[in-house]
Each structure stands twice: as structure tokens, then as C-alpha cells.
Amino acid sequence: MESPMRMRQLLIKTLREAPAEAELPSHRLLLRAGLVVPLAAGLYCFTPLGWRVVRNIERIIREEMNRSGAQEVHLPALHPIELWEQSGRAALMGPTLFRLTDRKEREFALGPTHEEVISYLASRLVQSYRDLPVTLYQVQTKFRDEPRPRGGLIRLREFTMKDAYSFDTSWETLDASYDAAFAAYQRIFRRAGVPVVPVAADSGAIGGKDSQEFVFLTESGEDTILLCPGCGYAANAEKAEFQPVPPLPGEPAPVEKVHTPGKKTIAEVAAFLGVEPRQTLKAVFYKADGRPVFVAIRGDLEVNEVKLKNALGARELEPMDDETVRRLGLVAGSASPVGVTGMPVVADTSATEAVNLVAGANEADFHLRNVNHGRDWQATNVAEIALARAGDACRKCGSALETRRGIEMGHVFKLGTLYAEKLGVYYLDEAGERRPCVMGCYGIGVERMLAAIIEANHDADGIAWPWEVAPFDVHVVVIGTAGDDAVGAALAEFEATAAGAGLDLLVDDRDESPGIKFKDADLLGMPVRVTVSPRALERGGVEVRHRRTGESNIVPVGTAAAAIAAARSEALEAGR
RNA sequence: CGGGGUGUAGCUCAGCCUGGCAGAGCGCCUGGUUUGGGGCCAGGAGGUCCCGCGUUCGAAUCGCGGCACCCCGACCA
């Protein structure tokens with residue numbers, strides 16, 4: 001317990017208006033409440049008040065990670081580049097990796113994540129199956145030269161991540177480590193007051209097997225999530241599976257070239273020829289790691305670029321530029337896999353399973369009817385690369401999927417043995433055989449969580465902190481002239497009993513008008529506001545007002561602290 | 001990196017089109033008044049008008065170049 005913080009001392013500047021560039025509610029409130037001060041794109045300073053919230057979030061994370069059996073460690077943020085070359089990710093991360101050189105011209109990177117370094121540590125410590133399983137975690141600064149930082153604390157270039165890594169002897173025991181981390185995450189988000197849904201996710205640049213994200217659903221989110229109202233299936237759009245509308249049945253008919261003057265888009269061609277979009281074949285051109293790729297997909301579907309990238313095993317995927325299109329002789333609007341040579345043709349299963357499709361003729365203003373895979377063209381690679389959209393049928397239960405926007409708060413995934421093999425994390429099993437550890441990794445963005453807490457816990461007047469993360473428990477507003485003995489005595493009594501009850505106080509002792517103090521109290525959002533004033537004392541005590549509900553009562557000075565502490569305990573219990 | 005926008009006092013912005021003393025509100029400092037929802041009065045401090053070059057007698061204003069920040073897309077906690 002600390003002595004009360006007095007606002008005369010607290011270095012804080014609340015703003016009546018937020019800067020125009022801040023658009024997200026959390027960004028605006030972080031600035032208005034004076035919790036952060038921007039330094040540069042994706043970089044923020046935390047003020048004393050803001051830092052208290054960060055520390056509270058980290059406290060919850062540590063408590064729950066420890067409870068799950070994980071052990072805290074601390075790794076350097078500065079990494080010898082060799083480690084990253086060893087894992088192959090120096091190239092993979094590309095310009096996102098901040099690089100620097102020391103005085104001896106040795107190259108380093110600022111860690112964007114810590115699989116490499118934790119693997120190094122584990123390789124030095126893990127020797128036997130008796131050492132396993134073990135989960136290590138840290139709360140540490142990450143550096144990523146993001147192409148576009150955004151949304152205040154949503155995407156930063158320097159941020160704090162709680163990252164955990166599990167080491168197991170087998171995929172089976174990895175399941176248990178993964179489940180333990182998963183359960184810890186649910187407790188963490190619940191306690192912090194951020195509603196999240198776990199969704200199936202793509203494992204991204206880090207690679208691996210099962211992968212789930214904890215997503216905070218909000219319209220201002222940057223990810224698209226597909227949810228099934230029927231069976232509860234939830235997945236990131238990058239990963240989401242669905243059941244495309246089945247193709248029209250039929251027997252393969254002879255190919256027929258038709259004149260389609262000026263018709264280029266699927267909609268135009270389909271309408272012109274009197275067929276449905278699903279009876280057409282769409283051609284899309286990409287460059288995968290610089291090499292041209294021809295993609296064929298049914299006309300009513302769209303390409304999921306993440307799935308395509310995975311199917312190709314490509315590192316980078318970009319739309320093919322017009323010049324390359326011309327050079328390769330591709331006819332945009334009438335392109336077709338029929339007769340395409342010199343580049344791989346990746347086909348979605350929808351394109352290979354359908355019969356008698358309308359495809360381009362590789363000749364302007366002409367299309368082909370009755371094109372069939374296997375007979376008329378051959379895919380070099382068939383995969384499911386279609387993008388799930390709202391209204392598509394759920395793969396599991398057939399219900400129409402819904403889409404929502406969301407922000408990724410945490411990510412858990414099963415890495416497998418990839419890093420262990422590359423970085424030498426081996427153990428000896430019971431038979432004395434040398435085997436790679438099976439790894440999992442688990443991350444939470446701390447600042448992003450702070451932003452999400454505000455997104456989920458605010459109203460028109462300001463922030464309404466959940467008890468667990470509030471910088472202070474009680475905001476005491478003192479009203480009355482300095483020489484008012486009754487107010488002074490009541491304040492002293494409340495402070496004394498609050499200390500006994502374990503409450504942290506922020507006392508507004510500034511020489512400001514009551515209006516300013518109340519506005520600031522609402523903006524800063526402590527769970528309870530206590531007003532010590534002549535008017536309240538006349539009515540028999542102090543005013544105790546709950547920020548979240550607006551519920552307000554006059555409570556005798558002597559019992560107010562105990563009552564607040566009881567409400568706090570109750571709320572904390574309910575939140576766990 | 002592509003598209004859009006912004007850059008003037010600590011904050012919100014006006015002034016720019018049509019070149020001519022650097023402005024308002026809020027905040028800050030001093031004094032007074034007021035004390036239950038950003039109250040009132042008086043006085044005051046505070047400026048690289050993002051930077052550079054150019055046009056001009058004269059540039060916040062016009063032109064060219066650059067930088068920074070924000071928003072939308074491709075990437076991630």
C-alpha cells in the first residue's frame with residue numbers, strides 16, 4: 001500500500017480536446033487522459049499514470065503465467081545477427097528487422113521476437129527428457145520496423161510483449177503445454193476486462209502447426225474474422241475454411257470459342273453469355289518471390305492471398321505488375337490457363353472440380369466455353385486458396401458465416417521442431433537417443449492490451465477502468481476552501497481508513513473548480529470517486545460514486561473505505 | 001511501397017484562394033473573485049508559420065524539392 005498520490009504532485013496534463021489525428025477512442029482517450037505522449041510514429045512515452053496501468057497489466061500476466069507453471073526469464077533485446085541467419089529469418093523478416101552495427105563492425109538486430117534467443121538459452125540448459133516439459137516466458141521490449149504504425153498503441157514499432165515458449169518431448173505433451181498457455185490467456189484477458197474470442201489463425205512468418213489468435217472484436221479492428229452462428233466455428237479470414245457453392249453438374253462438352261466484344265470482368269462475361277459467375281473461370285496473376293504465378297479460381301470466388309502464399313511456400317506475394325503481364329503475353333480480361341506456359345498454374349479446387357466453365361481465350365474479346373480441368377488445362381498445383389466471405393457456408397455445419405472486425409491481442413501456436421533443429425535444442429530420450437524439442441510459442445502485446453482495455457471500457461465522459469488495471473482504486477475529489485476544517489478532517493479520516501483497507505488513492509487537492517475536478521475524474525476513470533465536501537458532510541458523510549454504473553451514495557466517513565474495499569473484492573472475485 | 005490528408009503558440013484551429021504588422025478559443029504565469037459539473041474579472045509570458053531553394057520591393061500565403069505526422073491498402077502482438 002502506498003501513501004495517497006496528490007494531484008498537485010502528479011505530473012499529468014489532461015486535454016479538453018484530443019489532437020485531430022487521433023481517431024480511435026482508445027487513442028483519443030490515451031492522449032486526453034495524459035497517459036501517453038507521442039514521440040514519433042509508433043513510439044510513445046508513458047506518463048506516471050499511464051505507466052501504472054501498464055504495470056498492472058504486466059502484473060496480471062505474470063500472476064497467470066506463473067500460475068500456469070511457466071517460469072519467467074529475461075533475454076537481451078540486442079541479438080547477434082548470426083542467430084537470425086541460423087534460423088533463416090534474417091531474410092524472412094526483411095526490412096521489419098531493425099539492424100545495427102557495433103564498433104567492431106559486428107552486426108546485430110533489435111529483437112522483433114525471441115524464438116532464436118530462447119532457443120539458444122534452451123539449447124544451453126536442456127539436456128535430458130528429465131528437463132522437460134518446460135515453459136519459459138518474459139515481458140520484454142520488441143522492435144519491429146513496421147511499414148505503418150497505427151491507431152495509437154495498436155501497432156507500435158517498439159512495444160512490450162509477453163512472450164512464452166514451451167519445450168516438450170513430443171507433440172502429445174506439447175498439446176498439454178499449449179492448453180495450459182491457452183487457459184492462462186483466457187484468465188488474463190478476462191481479468192483485464194478485454195473480451196476476446198479464440199479463433200483459428202494462420203501461423204504466419206513464424207511457421208508451425210496449430211495456431212489460434214485471441215481476438216478483441218471491434219469495428220476499428222484491422223483483422224477480419226469469420227464466425228459461424230451455427231456451430232461456433234471462428235477463424236481469421238486468412239485461415240477460414242468454408243464450403244463453396246457446389247458447381248453445376250454436367251458432362252464435359254466440346255470447347256467452343258465465342259466472341260465477347262469488350263467483356264472483361266466476370267460479371268460482364270457471365271451476363272453476356274447467360275451463365276452464372278460460378279460457371280466461369282477467373283484468372284489472377286501474381287509474383288511470388290519475384291516469379292510469375294498464374295492462379296485459376298472459379299469466377300464467383302476470390303483468392304485468399306495467405307492461403308495462396310502457403311500453397312506456394314512463398315515468402316512474399318504481390319500482384320503482378322502491368323509490365324510483366326504484357327511481357328508474358330497475358331491478356332487481362334481474357335486470360336486463361338488453357339495454353340499457358342512458362343509459369344506455374346495454381347488452381348483452387350473449385351476450378352478443378354467444376355465442369356464446362358467459361359474461361360478466357362488468351363485473345364482479346366474472345367472466351368472459351370466448356371473448359372475442363374485435366375482435359376483442356378492442367379494445374380501444376382491444386383489447393384484450397386479461396387477467401388471465405390460473409391454468407392459463405394460453414395465447412396462444419398453449413399450455416400452462413402458472418403464477418404466481424406477484430407484486433408489480435410494474443411497468439412498461441414505450435415511450432416514443432418523447426419527452430420529446435422535449426423538452433424540446436426536437443427535432448428536425450430529414455431533410450432539415450434538425441435531428439436529435437438517440440439516447441440510452442442505464445443505472445444501477448446501489452447500496450448495493445450492497454451488500448452483494447454480502453455476500447456472496451458469507456459463512455460462519452462472518459463475511461464472506466466476495471467479494478468484490476470486501474471491506476472488507482474479511488475479518485476478523491478476535495479471540494480471546499482483550504483481552510484475548511486471539517487473537510488480537512490474528513491479527508492484525513494478517509495485516507496487513514498483507506499490505507500487500512502488497502503485502497504490506493506488519487507487525491508485531487510488542486511485549487512480548481514469542482515467542475516474541472518469532476519470532469520477529470522470521469523476522464524481518468526478510477527472505479528470509484530469519493531467526494532469530500534461541505535455539502536456531502538452536511539448530508540452525513542462523503543459521496544461514493546461508482547464510475548461504471550454512476551451509482552452514488554452518501555456514506556459515513558468512517559465506513560466509506562471499508563465499503564469500497566468490499567465492493568472492490570467482490571468485483572475482483574467476479575472477474576476471475 | 002501505392003492512394004488520400006495534414007503541418008501556424010502547450011492543445012483545438014482561423015488566416016493561405018486574392019502576397020503587405022502573427023491571430024482566436026482553451027491551456028500556462030500573476031493578482032482578485034468563485035467553490036457540486038471544464039465559473040468570472042484584470043494583467044502577462046509564449047512563434048524556426050515543418051525544412052530548403054526559388055519568384056517578388058515584400059512570402060504563413062505563390063512555385064519546386066524534401067521531411068514529419070495521420071488515415072486507407074499489402075504485414076503483425
Indicate, with a heavy-atom threshold strictly under 4.0 Å, whether A:Glu305 touches base, sugar-phosphate, or nothing. nothing
Rounding to a whole Å, what distance do you find between A:Leu31:CG and B:rC26:P? 22 Å
When A:Arg150 and A:Leu153 are each assigned the nearest nucleotide of RNA chain B, the 5'-most assignment goes to A:Arg150
Look through every strand shown and name the nucleotide pairing with B:rU30 as Watson-Crick or G-U wobble, where both distances are under 3.5 Å. B:rA42
Using the side-chain heavy atoms of A:Arg545, tell me which of these nucleotides is nearest: B:rG37, B:rC71, B:rC75. B:rG37
A:Arg16 vs B:rG27: side-chain N/O to OP1/OP2 distance below 4.0 Å: yes
Pairing check on B:rG25: which nucleotide meets the Watson-Crick or G-U wobble criteria with it, both distances under 3.5 Å? B:rC11
Describe the nucleic acid contact of A:Met449 in one word from base, sugar-phosphate, nothing, applying a heavy-atom distance below 4.0 Å. nothing
Please work out if A:Ile407 contacts a base, only the sugar-phosphate, or nothing of the nucleic acid, heavy-atom cut-off 4.0 Å. nothing
Does a side chain donor of either A:Tyr286 or A:Lys309 reach within less than 3.5 Å of an acceptor in the other side chain? no
Regarding A:Glu543 and A:Arg535, does a basic nitrogen lie under 4.0 Å from an acidic carboxylate oxygen? no
Which part of the nucleic acid, if any, lies within contact of A:Ala18, taking any heavy atom under 4.0 Å across all strands shown: a base, the sugar-phosphate backbone alone, or nothing? sugar-phosphate
Which part of the nucleic acid, if any, lies within contact of A:Pro19, taking any heavy atom under 4.0 Å across all strands shown: a base, the sugar-phosphate backbone alone, or nothing? sugar-phosphate
Hey, can you pull the residues of residues 180-192 of chain A with a non-hydrogen atom under 4.0 angstrom from RNA chain B? none
Rounded interatomic separation in angstrom, taking CD1 from A:Ile516 and C1' from B:rG39: 9 Å
Distance check: side-chain N/O of A:Arg157 vs OP1/OP2 of B:rC76, anything under 4.0 Å? no
Is the distance from the ring center of A:Tyr442 to that of A:Tyr137 below 6.0 Å? no
Would you indicate which nucleotide in B:rG25, B:rG37, B:rA77 comes nearest to any side-chain atom of A:Glu17? B:rG25
Test for a donor-acceptor pair under 3.5 Å between the base of B:rA77 and the side chain of A:Arg155, counting only N and O atoms. no
For A:Gly152, which contact category applies under a 4.0 Å heavy-atom criterion: base, sugar-phosphate, or nothing? nothing
Given the C1' atoms of B:rU6 and B:rC50, what is the spacing between them in whole Å? 11 Å
When the nearest nucleotide of RNA chain B is assigned to A:Gly515 and to A:Lys13 on a heavy-atom basis, which residue is associated with the more 5' position? A:Lys13
Base, sugar-phosphate or nothing for A:Asp163? Non-hydrogen atoms, less than 4.0 Å. nothing
Rounded to whole Å, please give me the gap between CZ in A:Arg32 and C1' in B:rC11. 12 Å
B:rU35 C1' sits how many Å from A:Glu512 CD, rounded? 12 Å
Does A:Arg535 make a side-chain N or O approach to OP1 or OP2 of B:rG36 shorter than 4.0 Å? yes
Name the closest nucleotide to the A:Ile479 side chain, picking from B:rC71, B:rA77, B:rG36. B:rG36
Can you tell me the Watson-Crick or wobble partner of B:rC57, both distances under 3.5 angstrom? B:rG20
Does a side chain donor of either A:Arg405 or A:Thr218 reach within less than 3.5 Å of an acceptor in the other side chain? no
Can you name the one residue among A:Asn457, A:Asn56, A:Asp473, A:Ile454 that meets side-chain contact (heavy atoms from CB on, under 4.5 Å) with A:Trp465? A:Ile454
Taking the same atom, P, in B:rG20 and in B:rG66, what whole-Å distance lies between them? 28 Å
Is the distance from OP1 or OP2 of B:rC72 to the nearest side-chain N or O of A:Arg148 less than 4.0 Å? yes
A:Asp202 CG to B:rA74 P: how many Å, rounded? 14 Å
Nearest-Å distance for atom pair CG/C1', residues A:Asp520 and B:rG36: 15 Å
Mind checking the OG-CD1 spacing from A:Ser220 to A:Ile154? Nearest 0.5 Å is all I need. 6.5 Å
Quantified in whole Å, what is the C1' atom distance between nucleotide B:rC17 and nucleotide B:rG10? 30 Å
Residues passing the ring-ring contact (aromatic ring centres under 6.0 Å, His included) test with A:Phe285, sequence neighbours excluded, are A:Phe294
Stacking check A:Phe518 vs B:rG38 (5.5 Å / 30 deg): no
Please pick, from B:rG38, B:rA77, B:rG73, the nucleotide with the shortest atom-to-atom distance to any side-chain atom of A:Arg405. B:rG73
Any luck finding a side-chain donor-acceptor pair between A:Ser211 and A:His411 under 3.5 Å? yes
Who does B:rU48 pair with, Watson-Crick or G-U, both distances under 3.5 Å? none
Does A:Lys142 make a cation-pi contact with A:Phe159 (under 6.0 Å, within 45 degrees of the axis)? no
Span that lies between the P atom of B:rA45 and that of B:rU12, in whole angstrom: 24 Å
For A:Glu543, which contact category applies under a 4.0 Å heavy-atom criterion: base, sugar-phosphate, or nothing? base
B:rC75 P sits how many Å from A:Phe143 CZ, rounded? 25 Å
P atoms of B:rA42 and B:rA24, separation to the nearest Å: 15 Å
If the P atom of B:rG25 is compared with that of B:rG43, how far apart are they to the nearest Å? 12 Å
Base paired to B:rA68 (Watson-Crick or G-U; both N/O distances under 3.5 angstrom): B:rU6
Determine the Euclidean distance between corresponding P atoms of B:rA59 and B:rC51; express it in Å to zero decimal places. 14 Å
Value in whole Å for how far the P atom of B:rG36 lies from CZ of A:Arg539: 11 Å
Would you classify A:Thr96 as touching base, sugar-phosphate or nothing, given that sugar-phosphate means primed atoms plus P, OP1 and OP2, and contacts are heavy atoms under 4.0 Å? nothing
Can you pull the side-chain hydrogen bond (donor to acceptor under 3.5 Å, both in side chains) pairs that have at least one residue in residues 513-524 of chain A, sequence neighbours excluded? A:Thr14-A:Asp520, A:Arg510-A:Asp520
Taking atom C1' in both B:rG15 and B:rA60, what distance in whole Å separates the two? 8 Å
Would you kindly check if the NZ (Lys) or CZ (Arg) of A:Arg144 is within the cone defined by 45 degrees around the ring axis of A:Phe98 and under 6.0 Å from the six-membered ring centre? no
